[in-house]
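Report on the structure given below.
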Amino acid sequence: MSRDLVELAKRRGYFFQSAGAYGGVSGFYTYGPEGATLKQNVEDAWRERFQVREGHREIDAPTVLPEPVFEASGHLDGFDDMLVECPECGESHRADHLVEDNTEIEEAESIPIPEVETLIADHDLRCPNCDAELAGQSVEEFNLMFETNIGPGSSSPGYLRPETAQGIFVEFPQLAEYARNQLPFGITQIGKAYRNEISPRKSIIRVREFTQAELEHFVDPEADEPPLDRVADVELTLYPADEQEREDGEYLTKTVREAVDEGIVHEWIAYYLGVGKQWYESIGVDMDRFRFRQHLPGELAHYSADCWDAESEVDGDWIEISGYSYRSDYDLSKHDDHSDDDFTVFKQYDEPTVVERATVDPDMSYLGPEFGGAAGDVADALETLAERDRTAFDAETVTVEVDGETHAIPVEKTGFSVDEIKETGEHVLPHVVEPSIGVDRVIYTVLDHAYEEDEIEGEARTRLALEPEVAPTFVGVFPLMDKDGMGETAREVTADLRAAGFDVTYDDSGNIGRRYRRQDEVGTPFCVTVDYDSLDDDTVTLRERDSTEQVRVAVDDLPDLLADLRSGDLAFGELDAPTPDQ
RNA sequence: GCGCCGAUGGUCUAGUGGUAGGACCUGAGCCUUCCAAGCUCAUGGCCCGGGUUCAAAUCCCGGUCGGCGCACCA
């Protein structure tokens with residue numbers, strides 16, 4: 001943990017622990033004025049690269065969703081996790097899994113904790129790691145989702161979303177309609193997500209409320225291919241699973257094209273690794289402290305078919321800052337099953353095809369009286385049988401089995417027929433490609449990688465070398481001294497630059513060097529100083545943070561000049577105006 | 001959640017059973033025509049609760065928060 005960076009972040013208004021006046025609250029941080037703007041700038045840059053340039057669209061879903069959503073998504077399975085800790089080796093194990101593995105019991109998750117403890121003692125369950133007795137150990141419950149009640153009473157439980165993605169998936173039917181049922185299309189969302197972490201750590205690296213920027217790209221797995229050409233030559237630092245499992249595992253440096261051709265990375269994932277690499281670099285992540293690491297097989301989330309994390313090195317540790325996951329049709333198929341709506345997209349064939357299909361149209365006025373409550377199941381069984389084995393309907397009666405009972409039905413009552421059906425297309429369950437960015441961790445990385453301590457004229461100085469595109473304060477404006485009209489002129493320059501859309505700070509406190517140092521520490525890339533010459537010829541000095549070099553420019557040119565410096569169209573070194581005497 | 005360590009102005013820190021000093025920062029003034037200069041003045045602090053004691057910021061217990069390790073991390 002970089003104490004210096006955390007201290008600077010607090011002192012200069014980047015971020016600090018929330019509710020300090022009440023002792024603080026673990027796992028929650030407030031972004032101060034500089035941090036909130038930095039975050040906004042990072043989000044804007046992400047939106048520009050992952051959404052606008054890719055032709056995707058953004059939505060804004062609720063942070064609270066009702067329980068059935070998470071039953072479908074699989075997140076609720078983790079709700080009642082029960083842990084038991086081994087007294088010998090200290091290893092924690094899922095108590096419900098131990099019970100299921102060693103007894104005839106299934107669904108141990110729903111058993112109350114005291115009974116699980118009794119089961120562990122009765123069956124003499126032992127630690128899978130060291131074989132120590134677990135009897136007598138207490139079973140602890142934990143819950144990674146924040147639970148709440150929607151409306152009064154507890155009849156309608158809801159949860160704070162543990163990932164923004166579910167807000168997109170549950171709205172897929174509406175979103176597909178918006179996309180005119182055409183694949184592929186992509187939906188982004190930037191917003192808060194919540195996990196009730198057992199143990200928040202490392203300042204804003206592991207918190208209970210965090211911001212995700214997620215893209216869910218819905219594609220036809222049969223037909224759609226990523227536009228690899230756009231990023232084909234982008235070089236990726238890859239750390240595949242097999243290299244991680246080797247003792248002398250190494251990174252591979254491959255272009256996006258090579259990574260796909262050599263079968264190292266799924267093509268859709270590779271495409272977004274290329275996009276991501278460009279983006280991280282553009283906002284100031286140090287590419288020497290950056291890699292893409294493939295998840296090990298045991299590490300994959302319940303929904304994920306393949307996953308690569310973007311990782312950055314901060315303070316000697318590698319931290320996950322984004323996940324690039326191929327979620328296949330997991331989420332949409334779950335919501336398709338659990339909800340009332342259809343989560344498929346109808347894909348029309350080029351030419352309609354004619355197929356023979358065996359169907360039934362059972363006479364329910366016969367089945368009903370005959371089979372009572374089982375009538376519906378019998379009808380379903382007939383339909384299934386017709387699809388599977390139409391010869392079963394050749395005889396006078398057909399038999400189906402429902403719940404272990406065999407039923408005979410006269411074929412004439414089944415409405416059995418074989419028809420030619422014209423099929424104009426089919427329903428496709430889209431696959432999902434998901435780049436998921438942890439905004440807070442990206443911000444920590446950007447700050448950490450920008451943090452420099454260097455020496456200017458024998459004096460140590462601390463400097464945040466933030467990219468101009470994301471720096472929260474873009475320009476500082478100072479009068480050399482606040483007298484002889486310089487202060488007034490500097491205030492006018494400040495107002496003009498603010499009107500031109502820049503984040504400007506005005507400072508006339510202390511000597512000029514002190515003011516430069518303040519802005520270096522905040523990470524302000526440029527400073528404008530109004531001096532005596534300014535009063536005569538309407539020019540000012542423009543100073544760059546990293547080099548501390550200055551050029552003299554006309555006041556009237558400032559807005560255009562600064563805009564070009566911010567966008568990267570112009571580098572400070574290209575300015576050739578004469579350097580003022582210092 | 002467990003274990004170890006810690007908590008003094010905004011920040012960094014000194015310190016003692018008799019309620020606190022420094023540095024930096026910040027603010028006001030003087031000085032100063034370009035990189036943390038100088039002078040004067042000022043604001044601001046012992047994490048919370050309980051216990052022991054005549055007296056607790058200091059000792060003890062509990063809590064909160066933080067760092068590290070274990071575990072967890074969709």
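Chain letters run A, B, ... following the sequence lines, proteins first, then strands; residues in each count from 1. These numbers come from a predicted model, not from an experiment.
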Take the protein atom [atom1] of [X] and the nucleotide atom [atom2] of [N], then report the distance between them rounded to whole Å.
X	N	atom1	atom2	answer
A/Lys483	B/U33	NZ	P	6 Å
A/Asp507	B/C35	CG	P	16 Å
A/Asp317	B/C68	CG	C1'	11 Å
A/Leu480	B/A37	CG	C1'	14 Å
A/Tyr22	B/G66	OH	C1'	21 Å

So which nucleotide does [N] pair with, by the Watson-Crick or G-U wobble rule with both distances under 3.5 Å?
N	result
B/G27	B/C41
B/G3	B/C68
B/G62	B/C48
B/G9	none
B/U53	none

For [X], which contact category applies under a 4.0 Å heavy-atom criterion: base, sugar-phosphate, or nothing?
X	result
A/Glu320	nothing
A/Ala460	base
A/Arg515	nothing

### Query
When the nearest nucleotide of RNA chain B is assigned to A/Ser509 and to A/Ser26 on a heavy-atom basis, which residue is associated with the more 5' position?
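Going by which nucleotide is closer to the 5' end, it is A/Ser509.
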
### Message
Nearest heavy atom decides the nucleotide; on that basis, is A/Arg206 or A/Glu521 closer to the 5' end of RNA chain B?
### Response
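The 5'-side residue here is A/Glu521.
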
Using the side-chain heavy atoms of [X], tell me which of these nucleotides is nearest: [options].
X	options	result
A/Lys202	B/C34, B/U11, B/C68	B/C68
A/Arg514	B/C68, B/A74, B/A36	B/A36
A/Arg201	B/A71, B/A36, B/C34	B/A71
A/Met481	B/C72, B/U11, B/U33	B/U33
A/Arg517	B/A36, B/A74, B/C34	B/A36
A/Lys10	B/C34, B/C68, B/U11	B/U11
A/Asn511	B/A37, B/C34, B/C73	B/A37
A/Thr541	B/U32, B/C34, B/G1	B/C34

### Query
Quick one: which of A/Val528, A/Thr539, A/Val475 gives a side chain to side chain contact (heavy atoms under 4.5 Å, CB included) with A/Leu558?
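Going through A/Val528, A/Thr539, A/Val475 one by one, the side chain to side chain contact (heavy atoms under 4.5 Å, CB included) with A/Leu558 is satisfied by A/Val528 alone.
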
### A/Thr541 and A/Arg543: side chain donor to acceptor below 3.5 Å
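A/Arg543 and A/Thr541 do not have a side-chain donor-acceptor pair below 3.5 Å.
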
### Task
Examine the side chains of A/Ser339 and A/Asp341 and answer whether a donor and an acceptor come within less than 3.5 Å of each other.
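There is no such pair between these side chains.
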
### Query
Do A/Gln550 and B/C34 share a donor-acceptor pair, side chain to base, under 3.5 Å?
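Indeed there is one.
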
### Message
What I want to find out is whether A/Glu163 reaches A/Arg327 closely enough, with some N-O distance under 4.0 Å, to be called a salt bridge.
### Response
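Yes, this pair counts.
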
### Message
OP1 or OP2 of B/C35 versus the side-chain N and O atoms of A/Arg518: is any pair under 4.0 Å?
### Response
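No.
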
### Query
Hey, does the side chain of A/Gln17 come within less than 4.0 Å of B/G66's phosphate (OP1/OP2), counting only N and O?
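Checking A/Gln17 against B/G66: at least one side-chain N or O falls below 4.0 Å of OP1 or OP2.
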
### Query
Taking C-beta and beyond as the side chain, do A/Tyr159 and A/Glu67 meet within less than 4.5 Å on heavy atoms?
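Yes - at least one pair of side-chain heavy atoms lies under 4.5 Å apart.
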
### Query
What are the two closest heavy atoms between A/Ser534 and A/Thr529, and how far apart are they?
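Where A/Ser534 meets A/Thr529 most closely, the heavy atoms are OG-O, 4.2 Å.
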
